Amino acid sequence: MAKNKNEVANIVTHDPYLQTSYAFSGNKISQIDLSKANKNSFFMSYIKYKDIMSGSVEIPLSTDEDDISNLITIKAYEQFGLDPSSEYKFVYNETLGISSETKIFNVFISDILSTDQLFSLALKKIPYIDYVVAAPLMFHALYKKNILSAQNTDAFVVLQDDVIAIYQNGEYVQSRPLRYSIKNISEKFATLSGDKLNDNVFLNIIKNGTNTQDDRSRDFIVEIFDEISYYIGDLINSLSRFVGSNVSNINLVTDIKMGNFAEFIQEKVSIPTNYLDLNIAINSKEVEVDNIHNIMAINSQYYKETQENDFNFSNFLRPLPLFQRNSGKLILYTLLGLLIGLLYPLYLYVSGIITDVDTADKKSEYEINNADKIRIEGAIAALEQQISGVSKSIEEEQVVIDFRKNTIKEIYDKKVSYPMKGVVLFELSNLINNKDIQTAKIVNSNRDMRIMLVSKDEKKLTELIQNISNSDKYSITTK
């Protein structure tokens, strides 16, 4: 059969005075035999005001934070006359705004041996108690869970614990012992009536308060309620002067509702008064549960959310998880040392493998690139050889071209620039004959032609020379 997932997350509240226990799970509540509770549940309990010592301790304002705990402990031993041979648990919180010259702390002290005896029966059935709260401090969680408004100064009259506690703006301020409880009221009624009543008979009478049908019983109840009202009024006035603020609300915490008791007190002390009803489970109407268990369940929920351990009186905490203990930390550090010691050679080994793989990749890449380099160099050499051959061919062709150009030029010069000798001779003959000059001799060589002229008239020779000079084709050079 599969376990309910919520079973592990159960909250189990235990009243060590009445030996009653309740399990809260899945928004439901049920009474439970503590010995049958799931050992993984969160176990919660409380200590009555009468089983702790409480008071105020003042220390200098200049005290260092590291010294506060030791100084409070020393002063508590002095103020409360504690036995140095006994072992105590100290819980404290600072009261703000009372003095500008000193720090004032509310101090709660429990005798560890007495606490062990109180929970001895429970510890035979369960291995741990995760949280134990002192009765005056259990209302802190109601404000933190927004069940009560933290804007006022409230008084909590706990009839089953014989204590009255004052909270200001959601913070505990002060508490006083209460002279009256249900048991005291029953005894007072028996004294006035002269009748010895068992619990059931008395509860049947008191449940209607002053509205009981029996006139004689009503008179006794009115007298008792009057006495309690004045007593509570005096206590609240005293506490109001101490905290410097008037109480705005009175909350009655009791499992036995005494009819119109709240209205009676409100009328007498002129402060709004109500029973504190905390039905936190969806089946609250089906299960009869003491109000103190509801308050403990809310404290458990708040602690599990925040892990605030400042007001915990438990001497029976479950061991921390392994690695939060000193031995576990030693094991953890040892394992870490071994792991670090193994990590270095492992790092070297892995680095070596990575280096080898990287080297192989680089070598392969080099071989490919080197082959490409050789191929490219070969191609470049071939191209250079081709270029050299082409250049040589160009040079040879250039020689041929230059030769041909020169030849063509010479031919051109001979054909165009140098007229044929015959033409020259013909043209010169005409010029000579026109001047009546005789040709004595013509001598022809490879490039030169010499003409010797004879004339009786030098003037005609001069004119001939001038005519030749005026020609576009010839020029005269004299030596």
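Since the model is a prediction, treat every value here as computed from it, not as a measurement. Just so you know, these numbers use all the heavy atoms, side chains as well, and skip hydrogens, waters and symmetry mates.
- When all heavy atoms of Ala23 and Ile32 are compared, the closest pair comes out as N-CG2, 3.9 Å.
- A donor-acceptor pair is defined here as one N or O able to donate and one able to accept, closer than 3.5 Å; no such pair exists between the side chain of Asn249 and the backbone of Asp154.
- Put simply, the side chain of Ser248 never gets that close to the backbone of Asn152: no donor and acceptor are under 3.5 Å apart.
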### Message
Let's go through Lys373 and Glu367 carefully: what are the C-alpha distance in whole Å and the side-chain angles of both, what is the deciding distance for salt bridge (charged side-chain N to carboxylate O under 4.0 Å, His left out) to 0.1 Å, and is it a yes or a no?
### Response
CA-CA 10 Å; Lys373 174 177 171 289; Glu367 290 174 352; over 6 Å; no
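- At most 12 non-hydrogen atoms from other residues, nucleotides or ligands lie less than 6.0 angstrom from CD of Glu288.
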Let me check something: any side-chain donor-acceptor pairs from residues 262-286 under 3.5 Å, sequence neighbours excluded? List them with distances.
| residue | atom | partner | partner atom | Å |
| --- | --- | --- | --- | --- |
| Gln266 | OE1 | Thr273 | N | 3.0 |
| Lys268 | NZ | Asp226 | OD1 | 3.2 |
| Thr273 | OG1 | Ile271 | O | 2.8 |
| Tyr275 | OH | Met258 | N | 3.0 |
| Asp277 | OD1 | Lys257 | NZ | 2.9 |
| Asp277 | OD2 | Lys257 | NZ | 2.8 |
| Asn283 | OD1 | Ile29 | N | 3.0 |
| Asn283 | ND2 | Ile29 | O | 2.9 |
| Ser284 | OG | Ala281 | N | 3.3 |
| Ser284 | OG | Ala281 | O | 2.7 |

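- Aromatic ring centres of Phe225 and Phe261: separated by under 6.0 Å.
- Residues Leu235 and Pro177 share a closest heavy-atom pair of CD1-O, 4.1 Å.
- Tyr172 contributes a side-chain N or O that, together with a main-chain N or O of Ser175, makes up a donor-acceptor pair within less than 3.5 Å.
- The six-membered or imidazole ring of Tyr46 lies near that of Tyr17, with a centre-to-centre distance under 6.0 Å.
- Closest heavy-atom contact between Asn106 and Val173: ND2-O, 3.0 Å.
- Side chain to side chain, His293 and Thr13 meet the donor-acceptor criterion of an N or O pair below 3.5 Å.
- With Asp372 contributing its side chain and Asn369 its backbone, the two residues share no donor-acceptor pair below 3.5 Å.
- Taking both residues in full, the closest heavy atoms of Phe316 and Phe119 are given as CE1-CD1, 3.7 Å, listed atom of the first, atom of the second, then distance.
- Here the CD1 atom belonging to Ile236 is positioned 6.0 Å from the CD1 atom belonging to Ile166, to the nearest 0.5 angstrom.
- Annotation: Gln307, atom CD; neighbour count of heavy atoms from other residues, nucleotides and ligands within 6.0 Å is above 12.
- Listed for the Ser110 side chain is no donor-acceptor partner under 3.5 Å among the backbone atoms of Ile112.
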### Task
For the pair Val163 and Arg176, evaluate side chain to side chain contact (heavy atoms under 4.5 Å, CB included) and give the outcome as yes or no after the intermediate values.
CA-CA 6 Å; Val163 64; Arg176 293 283 188 275; over 6 Å; no
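- From Ser393, atom OG reaches atom CD of Gln386 across 11.5 Å, with rounding to the nearest 0.5 Å.
- For the residue pair Thr212 and Ser217, no side-chain donor N or O sits within less than 3.5 Å of a side-chain acceptor on the partner.
- Shown here is Lys50, whose NZ atom has more than 12 heavy atoms of other residues, nucleotides or ligands within 6.0 Å.
- When Asp356, Val357, Val350 are each tested for a side chain to side chain contact (heavy atoms under 4.5 Å, CB included) with Ile354, only one passes: Val350.
- For Ser300 (side chain) and Met296 (main-chain N/O), a donor-acceptor pair under 3.5 Å exists by modelled atom type.
- Between the side chains of Asn70 and Thr73, no donor-acceptor pair is found at a separation under 3.5 Å.
- With Asn10 contributing its side chain and Val12 its backbone, the two residues share no donor-acceptor pair below 3.5 Å.
- To the nearest 0.5 angstrom, Ile126 atom CD1 is 11.0 Å from Leu121 atom CG.
- A donor-acceptor pair under 3.5 Å is absent between the side-chain atoms of Asp64 and the main chain of Asp66, judged by distance alone.
- Residues Leu192 and Glu223 approach most closely at CD2-OE2, 3.7 Å, considering heavy atoms.
- Taking both residues in full, the closest heavy atoms of Asn38 and Phe43 are given as O-CZ, 3.4 Å, listed atom of the first, atom of the second, then distance.
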### Query
Does the pair His14 and Ser45 meet the rule for a side chain to side chain donor-acceptor pair (under 3.5 Å), with working shown?
CA-CA 5 Å; His14 176 67; Ser45 192; 5.4 Å; no
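- Taking the six-membered ring wherever Trp is involved, the centroid distance between the rings of Tyr231 and Tyr180 falls below 6.0 Å.
- Applying the side-chain hydrogen bond (donor to acceptor under 3.5 Å, both in side chains) rule to Glu187 yields no partners; only residues at least two apart in sequence or on another chain are considered.
- Atom NZ of Lys188 has 12 or fewer heavy atoms from other residues, nucleotides or ligands within 6.0 Å.
- The line from OH of Tyr88 to CZ of Phe90 is 8.0 Å long, rounded to the nearest 0.5 Å.
- A salt bridge links Arg318 and Asp130; the closest N-O separation between the charged side-chain nitrogens and carboxylate oxygens is under 4.0 Å.
- Listed for the Ser314 side chain is a donor-acceptor partner under 3.5 Å among the backbone atoms of Ile129.
- Exactly one of Tyr303, Tyr302, Tyr131 qualifies for a side-chain hydrogen bond (donor to acceptor under 3.5 Å, both in side chains) with Glu308. That residue is Tyr302.
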### Task
Give the C-alpha distance, both sets of side-chain angles, the deciding distance and a yes or no for side chain to side chain donor-acceptor pair (under 3.5 Å) between Thr153 and Ser245.
CA-CA 7 Å; Thr153 300; Ser245 174; 2.9 Å; yes
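- Here the two rings, on Tyr143 and Tyr167, have centers that are under 6.0 Å apart.
- A 6.0 Å sphere centred on CD of Glu396 holds more than 12 heavy atoms belonging to other residues, nucleotides or ligands.
- Of the possible donor and acceptor atoms, one in the side chain of Thr63 sits under 3.5 Å from a partner among the backbone N and O of Pro60.
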### Message
Asn246 vs Ser240, test: side chain to side chain donor-acceptor pair (under 3.5 Å). Steps then yes/no.
### Response
CA-CA 5 Å; Asn246 292 326; Ser240 294; 4.7 Å; no
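- A salt bridge (Lys or Arg N to Asp or Glu O under 4.0 Å) check over residues 15-41, counting only residues at least two apart or in different chains, returns nothing.
- The line from CD1 of Ile52 to OG of Ser114 is 12.5 Å long, rounded to the nearest 0.5 Å.
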### Message
Go through it in stages, so that I can follow the logic: the residues are Lys183 and Asp162, the test is salt bridge (charged side-chain N to carboxylate O under 4.0 Å, His left out), and I'd like the CA-CA distance, side-chain angles, deciding distance and then a yes or no.
### Response
CA-CA 10 Å; Lys183 182 179 179 181; Asp162 314 338; over 6 Å; no
### Task
Under the salt bridge (charged side-chain N to carboxylate O under 4.0 Å, His left out) rule, what do Glu305 and Lys144 come out as? Steps first, then yes or no, please.
CA-CA 11 Å; Glu305 291 171 2; Lys144 295 300 181 181; over 6 Å; no
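- Atoms OG1 and CD1, on Thr95 and Ile104 in that order, are 6.5 Å from each other to the nearest 0.5 Å.
- You'll find the side chain of Ile298 reaches within 4.5 Å of the side chain of Leu142, heavy atoms only.
- For the residue pair Asn291 and Asp255, no side-chain donor N or O sits within less than 3.5 Å of a side-chain acceptor on the partner.
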